[in-house]
J.: 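Please find one structure pasted underneath; my questions will follow.
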There are 2 protein chains.
Amino acid sequence: MSGRPSSREKILAAAAELADCAGPGNLSLDAVAQRAGVSKGGLLYNFPTKAKLMQALVEDYIAKFDATLVAKSQGACGEPTSRLAAYVELSAEEFEQVQPSAAGVVAALAEDPDFLNPIRTYKRQLLDTLKAESTDAAKLIVAFLVIEGLRSMKLFDMDILHEDERDMAFSYLLSEAAAPGAK
Amino acid sequence: MSGRPSSREKILAAAAELADCAGPGNLSLDAVAQRAGVSKGGLLYNFPTKAKLMQALVEDYIAKFDATLVAKSQGACGEPTSRLAAYVELSAEEFEQVQPSAAGVVAALAEDPDFLNPIRTYKRQLLDTLKAESTDAAKLIVAFLVIEGLRSMKLFDMDILHEDERDMAFSYLLSEAAAPGAK
DNA sequence: TTGACAATACCGTCCAGACGGTACAGTAAC
DNA sequence: GTTACTGTACCGTCTGGACGGTATTGTCAA
């Protein structure tokens with residue numbers, strides 16, 4: 001909504017990083033302010049309560065994710081990709097990189113599980129969009145859950161899968177996403 | 001290891017319930033003690049620090065899960081079921097019931113992500129066991145991740161899937177688990 | 001059998017520190 | 001003069017955990 005210079009975004013980023021490295025439950029306002037290079041007064045000017053900060057953390061996460069997803073599905077290439085293909089691709093990319101923004105979401109969860117409500121509704125909407133494009137609902141659900149599984153592992157730093165195992169998962173997803181009416 | 005009367009187990013149960021309904025980050029020793037019907041001194045006698053409580057919460061979760069899994073795969077029926085089938089079945093059952101014990105795990109995560117280490121190693125071992133029994137590694141990985149996805153949704157109270165969608169997922173899992181060499 | 005002692009399993013209180021949040025005076029840019 | 005902060009001081013509350021005390025049970029020599 002805003003797009004103003006930076007203070008707000010610096011705070012959000014600092015909060016996410018802190019949650020990532022100090023543990024989601026140990027996120028204090030003082031620490032966030034310090035890390036963001038902002039005074040505590042300044043922090044509370046941008047986010048009047050901690051709850052608002054958490055909420056913003058979650059909303060920011062969704063907004064960024066959705067923006068990337070939309071960009072990907074409309075693609076630089078003239079032909080728009082399928083939504084599922086874009087989702088798979090995006091998830092694969094997210095998996096490769098360190099991504100502290102998700103840690104902010106966990107921090108919000110630690111504070112109060114209700115902060116995840118926006119994520120719930122977003123996920124449901126996404127699933128509905130994907131369903132509308134798919135001919136085989138069962139396969140879609142399986143693919144969706146595979147991504148969900150991958151994502152939860154990432155979230156918990158569960159680097160359990162070997163490289164070849166991850167590749168198997170992604171090549172499965174890619175083949176499913178590529179097949180339009182694969183019944 | 002002990003198995004003495006109950007105090008320790010009452011505390012563990014109380015902690016899990018509290019984490020579930022008060023938010024994982026808001027788990028205080030006083031609250032746990034009160035809910036368990038134990039004084040704070042008593043609590044700290046059983047678990048000398050909060051960290052030990054968290055650790056016990058995680059270990060208890062794994063131990064219970066593994067015990068049920070082993071019991072299920074050796075089955076009341078003479079013939080032992082396949083490990084994957086047992087895992088699928090157990091996950092399905094867990095999905096049906098309210099299960100606060102998992103909330104304790106999230107509480108531990110909130111305190112310090114390292115508390116999840118035992119879960120990491122357990123999951124990896126489980127996956128290896130499943131792999132040893134399976135002929136098609138790729139399908140196994142997919143099934144494993146589907147369960148992981150289902151589990152993470154449950155963990156976050158993401159009651160996103162409609163009933164028929166959940167059924168699709170489980171019938172997929174069941175069919176995969178049933179097929180021994182389905183290549 | 002009994003008395004002395006010790007271990008176990010807890011209770012209740014207290015405290016230093018951290019935390020979220022408020023208040024407010026000052027300031028620098030637009 | 002408004003906006004967007006900085007900096008500091010402060011308050012009330014909560015939290016982990018240390019501590020001293022106590023009731024119950026067990027052990028064992030005399």
Side-chain angles (χ1 to χ4, degrees), chain A residues 1-19 21-58 60 103-104 106-115, chain B residues 1-19 21-58 60 103-104 106-115:
Chain A
M1 261 20 171
S2 68
R4 214 65 45 72
S6 51
S7 225
R8 188 189 156 91
E9 282 147 42
K10 275 198 315 192
I11 291 169
L12 253 14
E17 288 162 30
L18 254 173
C21 74
N26 306 336
L27 194 64
S28 78
L29 295 186
D30 293 80
V32 172
Q34 195 182 343
R35 175 141 195 155
V38 167
S39 74
K40 194 178 174 182
L43 199 178
L44 286 159
Y45 177 81
N46 286 277
F47 304 96
T49 70
K50 194 182 187 184
K52 294 265 163 135
L53 211 207
M54 296 307 191
Q55 195 187 319
L57 230 34
V58 173
D60 187 63
V106 183
L109 160 74
E111 202 86 359
D112 182 348
D114 288 346
F115 283 125
Chain B
M1 270 354 177
S2 68
R4 215 61 45 73
S6 52
S7 227
R8 186 190 158 92
E9 283 148 41
K10 276 198 317 195
I11 291 169
L12 253 14
E17 287 163 30
L18 255 173
C21 74
N26 306 335
L27 192 65
S28 76
L29 295 186
D30 291 84
V32 172
Q34 195 182 343
R35 176 142 194 153
V38 167
S39 78
K40 196 174 174 183
L43 200 178
L44 285 159
Y45 175 79
N46 285 278
F47 304 95
T49 70
K50 195 181 188 186
K52 293 267 161 126
L53 211 207
M54 296 309 191
Q55 194 186 321
L57 229 34
V58 173
D60 188 63
V106 183
L109 161 74
E111 201 87 0
D112 181 349
D114 288 346
F115 283 126

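Residue numbering restarts at 1 for every chain, and letters A, B, ... go by the order of the sequence lines.
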J.: Measure the distance from CG on B/Asn26 to C1' on D/dT15 and round it to the nearest whole Å.
T.: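 Between C1' of D/dT15 and CG of B/Asn26: 12 Å.
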J.: Would one find a side-chain N or O of A/Tyr45 under 4.0 angstrom from OP1 or OP2 of D/dA4?
T.: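 So the side-chain polar atoms of A/Tyr45 do come within 4.0 Å of the phosphate oxygens OP1 or OP2 of D/dA4, strictly under.
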J.: Give the rounded distance in Å between these two atoms: CG of A/Leu53 and P of C/dC19.
T.: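 In whole Å, C/dC19 P lies 15 Å from A/Leu53 CG.
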J.: Using whole Å, report how far CZ of B/Arg8 lies from P of C/dC10.
T.: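 The distance from CZ of B/Arg8 to P of C/dC10 comes to 12 Å, rounded to the nearest Å.
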J.: Atom pairs, N/O to N/O, protein against nucleotides 15-18 of chain C, distance under 3.5 Å?
T.:
none

J.: Does anything in residues 42-52 of chain B pair up under side chain to side chain donor-acceptor pair (under 3.5 Å), and if so which pairs, sequence neighbours excluded?
T.: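 Passing the test, one end in residues 42-52 of chain B: B/Lys50-B/Glu111.
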J.: Kindly write out the residues that satisfy side-chain contact (heavy atoms from CB on, under 4.5 Å) with A/Ala22, not counting sequence neighbours, or none if the list is empty.
T.: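 For A/Ala22 the side-chain contact (heavy atoms from CB on, under 4.5 Å) partners, ignoring immediate neighbours, are A/Leu18.
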J.: Could you tell me which non-hydrogen atom of B/Gly23 sits nearest to which non-hydrogen atom of A/Pro113, and how far apart they are?
T.: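 Minimum heavy-atom contact is CA-CD, 3.8 Å.
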J.: Under the rule for side chain to side chain donor-acceptor pair (under 3.5 Å), what residues qualify as partners of B/Asp114, not counting sequence neighbours?
T.: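 For B/Asp114, no residue satisfies side chain to side chain donor-acceptor pair (under 3.5 Å) once neighbours in sequence are set aside.
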J.: Please write out each protein N/O paired with an N/O of nucleotides 21-25 of chain C under 3.5 Å, distance rounded to 0.1 Å.
T.:
from	atom 1	to	atom 2	distance (Å)
C/dG21	OP2	A/Lys50	N	2.7
C/dG21	N7	A/Lys40	NZ	2.8
C/dG21	O6	A/Lys40	NZ	3.0

J.: Quick one: closest heavy-atom pair of B/Val32 and B/Ala14, and the distance?
T.: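 The answer is O-CB, 4.0 Å.
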J.: Tell me the interatomic distance from B/Leu43, atom CG, to C/dC11, atom C1', rounded to whole angstroms.
T.: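 Nearest whole value for this atom pair: 12 Å.
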J.: Using atom CD of B/Glu9 as one end and atom P of C/dA9 as the other, report the distance to the nearest whole Å.
T.: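 Checked: the CD to P distance equals 13 Å.
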J.: For the pair made of CD in B/Gln34 and C1' in C/dC11, what is the distance, rounded to whole Å?
T.: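 The distance from CD of B/Gln34 to C1' of C/dC11 comes to 14 Å, rounded to the nearest Å.
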J.: Please enumerate all residues that pass side-chain contact (heavy atoms from CB on, under 4.5 Å) together with A/Leu57, with sequence neighbours excluded.
T.: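 Result, side-chain contact (heavy atoms from CB on, under 4.5 Å) vs A/Leu57: A/Leu12, A/Ala15, A/Met54.
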J.: Rounding to an integer number of Å, can you tell me how far B/Phe47 CZ sits from C/dA9 P?
T.: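 So the CZ-P distance, B/Phe47 to C/dA9, works out to 13 Å.
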J.: Report which part of the nucleic acid A/Leu27 touches: base, sugar-phosphate, or nothing (heavy-atom distance under 4.0 Å, all strands).
T.: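 Contact class for A/Leu27: sugar-phosphate only.
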J.: Which pairs with one or both residues in residues 34-46 of chain B pass salt bridge (charged side-chain N to carboxylate O under 4.0 Å, His left out), sequence neighbours excluded?
T.: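 As it turns out, the salt bridge (charged side-chain N to carboxylate O under 4.0 Å, His left out) pairs with a partner in residues 34-46 of chain B, which skip direct neighbours, are B/Glu17-B/Arg35, B/Asp30-B/Lys40.
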J.: To the closest 0.5 Å, what do you measure between NZ (A/Lys10) and CG (A/Leu43)?
T.: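 One gets 11.5 Å once the value is rounded to the nearest 0.5 Å.
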J.: For A/Ala16, what residues pass the side-chain contact (heavy atoms from CB on, under 4.5 Å) criterion, not counting sequence neighbours?
T.: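 Listed in chain order: nothing, the list is empty.
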